[in-house]
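Shown next, in structure tokens, is the structure this report addresses.
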Amino acid sequence: MIKNKNLHGFHLSRRAALAAVAVSALFAFAAPAPSFAEDKSIKVGIMAGEEEDIWRVVASEAAKKGLKIETITFNDYTQPNEALERGELDANAFQHQPYLDNQIKQHGYHIVRVGYTGVWPIGLYTKKYKSVAEIPEGAVIGVPNDPSNEGRALRVLQNEGLIKLKDDTGILATVADVTDNPKKIEIKELDAGIVGRSIDDLDAGIVNTDWALKSGLSPAERIAQEPIADNPYRNFIAVKDENKDADWVKTLVSSYQNETVKAEFDKVYKGTGLSAY
């Protein structure tokens with residue numbers, strides 16, 4: 001009898017154990033899968049200044065989706081792509097396609113665009129004149145010296161009739177491509193971040209909008225601007241080519257491209273920059 005009782009107890013214990021395993025398996029199956037980005041942290045390179053305000057909101061949106069963003073700030077355009085290529089960053093957000101194309105050509109970077117952010121129409125600023133027509137003969141006009149922005153600046157001067165470029169000149173025009181300069185303007189090539197700060201020493205300067213804000217220039221001091229329609233200079237988020245299809249990249253882009261971030265963008269840039277997605 002004792003033997004049978006023990007055997008019966010063994011069957012009950014075994015049955016209970018199997019039931020427990022089945023219940024555990026059921027709950028394990030039914031439990032929601034952890035987010036792909038659980039405990040995922042990334043570093044994103046941005047320009048110091050207004051972009052820090054924008055990206056605080058982006059980081060907040062990303063955190064809701066399980067992605068932690070640490071922003072790394074830079075003060076010039078030459079470093080973020082090098083840092084991304086070396087793996088010191090997971091992404092950056094500061095440049096347009098002509099600039100990246102030139103960087104890839106020069107350095108062989110394996111970097112691609114994954115999502116647009118905003119566009120800042122480049123403009124001709126001056127504290128001395130009220131219109132382009134007032135710019136005198138022999139005036140000194142500053143332009144950014146990096147290849148893509150210099151070509152962009154020269155096209156503004158051409159659109160305003162101050163110079164003429166070779167007919168077959170692409171977007172990477174330089175002063176060597178100027179074929180006509182009726183007012184004998186001196187075009188002074190300066191670092192993009194210096195042009196706006198040097199405006200008091202120039203007759204006028206072509207200044208990127210973000211640098212215009214940093215330099216204390218106002219829209220009232222802008223006497224010309226590049227067209228908005230079909231603008232090739234929309235900025236974007238970029239990553240290494242090997243990561244372009246990663247789930248965290250999709251989350252990063254969606255964390256930027258939404259109405260919450262757009263509202264902060266409009267507040268920070270006050271119409272000088274426009275959302276470009």
Side-chain angles (χ1 to χ4, degrees), residues 47 76-78 81 94-107 118-215 217-219 221-236 272-274 276:
M47 301 308 293
D76 67 70
Y77 295 138
T78 62
N81 280 334
F94 77 102
Q95 64 193 320
H96 49 62
Q97 195 64 51
Y99 182 81
L100 177 58
D101 289 344
N102 186 68
Q103 289 275 289
I104 291 172
K105 182 178 179 180
Q106 287 188 352
H107 305 289
V119 61
W120 291 261
I122 201 167
L124 178 63
Y125 291 80
T126 178
K127 291 188 175 182
K128 299 177 180 178
Y129 309 107
K130 298 298 183 183
S131 68
V132 174
E134 291 183 16
I135 293 176
E137 188 168 329
V140 179
I141 298 181
V143 299
N145 63 3
D146 58 282
S148 59
N149 280 315
E150 180 171 1
R152 187 179 183 184
L154 294 175
R155 290 193 173 280
V156 173
L157 297 182
Q158 177 173 254
N159 290 344
E160 298 302 320
L162 293 172
I163 63 170
K164 182 170 174 43
L165 299 168
K166 294 176 184 175
D167 291 337
D168 59 349
T169 301
I171 58 176
L172 300 179
T174 70
V175 292
D177 297 308
V178 176
T179 59
D180 191 19
N181 185 355
K183 287 190 173 183
K184 298 180 175 57
I185 290 167
E186 179 186 344
I187 299 173
K188 193 167 186 177
E189 298 166 297
L190 300 167
D191 182 84
I194 299 299
V195 182
R197 295 170 188 166
S198 302
I199 203 73
D200 290 332
D201 301 318
L202 301 167
D203 288 290
I206 302 287
V207 188
N208 294 73
T209 302
D210 52 340
W211 286 116
L213 288 172
K214 291 179 175 69
S215 302
L217 294 171
S218 72
E221 293 162 322
R222 186 176 60 216
I223 58 174
Q225 178 178 288
E226 70 184 356
I228 302 298
D230 301 319
N231 193 304
Y233 298 104
R234 290 176 290 172
N235 281 21
F236 51 76
T272 58
L274 306 170

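In this text, all values refer to a predicted model and were calculated from it rather than measured experimentally.
Here the closest heavy-atom approach between residue Pro182 and residue Leu162 is recorded as CD-O, 3.5 Å. When all heavy atoms of Asn102 and Pro147 are compared, the pair lying nearest together is ND2-CG, 3.2 Å. When all heavy atoms are compared, the tightest approach of Leu217 to Gly196 is CD1-CA, 4.0 Å. Nearest approach of Val143 to Leu157, heavy atoms of both residues: CG1-CD1, 4.4 Å. Closest non-hydrogen pair, Leu154 versus Val175, comes out as CD1-N, 3.8 Å. Residues Arg155 and Thr169 share a closest heavy-atom pair of NH2-O, 2.6 Å.
Atom CD of Glu189 and atom CD1 of Ile194 lie 14.5 Å apart (nearest 0.5 Å). Atom OG1 in Thr179 sits 7.0 Å away from atom CG in Asp167 (nearest 0.5 Å). Of the inter-residue distances, the one linking Asn231 atom CG with His96 atom NE2 reads 8.5 Å to the nearest 0.5 angstrom. Rounding to the nearest 0.5 Å places CG of Asn235 at 10.5 Å from CE of Met47. Distance check: Lys128 NZ to Glu221 CD gives 12.5 Å after rounding to the nearest 0.5 Å. Between Leu165 atom CG and Thr174 atom OG1 the span is 9.0 Å, to the nearest 0.5 Å.
When the shell of 6.0 Å around NZ of Lys214 is examined, it contains more than 12 heavy atoms from other residues, nucleotides or ligands. For Lys105, the NZ atom is loosely surrounded, since the number of other residues' heavy atoms within 6.0 Å does not exceed 12.
Asp203 places a side-chain N or O within donor-acceptor distance of the main-chain N or O of Val140, the cut-off being under 3.5 Å. With hydrogens and angles ignored, the 3.5 Å screen pairs a side-chain donor or acceptor of Asp146 with a backbone N or O of Asn149.
Thr126 has its side chain out of reach of Ile135: every pair of non-hydrogen atoms, C-beta onward, lies at least 4.5 Å apart. Between His107 and Asn81 the shortest side-chain heavy-atom distance does not fall below 4.5 Å. Side-chain contact between Asn208 and Trp120 is absent, with no heavy atoms from C-beta onward closer than 4.5 Å. In this structure the side chain of Ile199 never reaches within 4.5 angstrom of the side chain of Ser215, judged on heavy atoms. With contacts defined as side-chain heavy-atom distances shorter than 4.5 Å, the pair Gln158/Val178 does not qualify. Residues Gln95 and Tyr77 fail the side-chain proximity criterion, which asks for heavy atoms closer than 4.5 Å. A 4.5 Å side-chain heavy-atom check between Ile206 and Leu124 finds at least one atom pair inside the cut-off. No side-chain heavy atom of Tyr125 sits under 4.5 Å from any side-chain heavy atom of Val195.
Between Phe94 and Tyr99, the ring planes are perpendicular. Angles over 60° get that label, and only those under 30° would be called parallel.
In summary, the side chains of Asn159 and Glu226 do not present any donor paired with an acceptor at a separation below 3.5 Å, with no hydrogens or angles considered.
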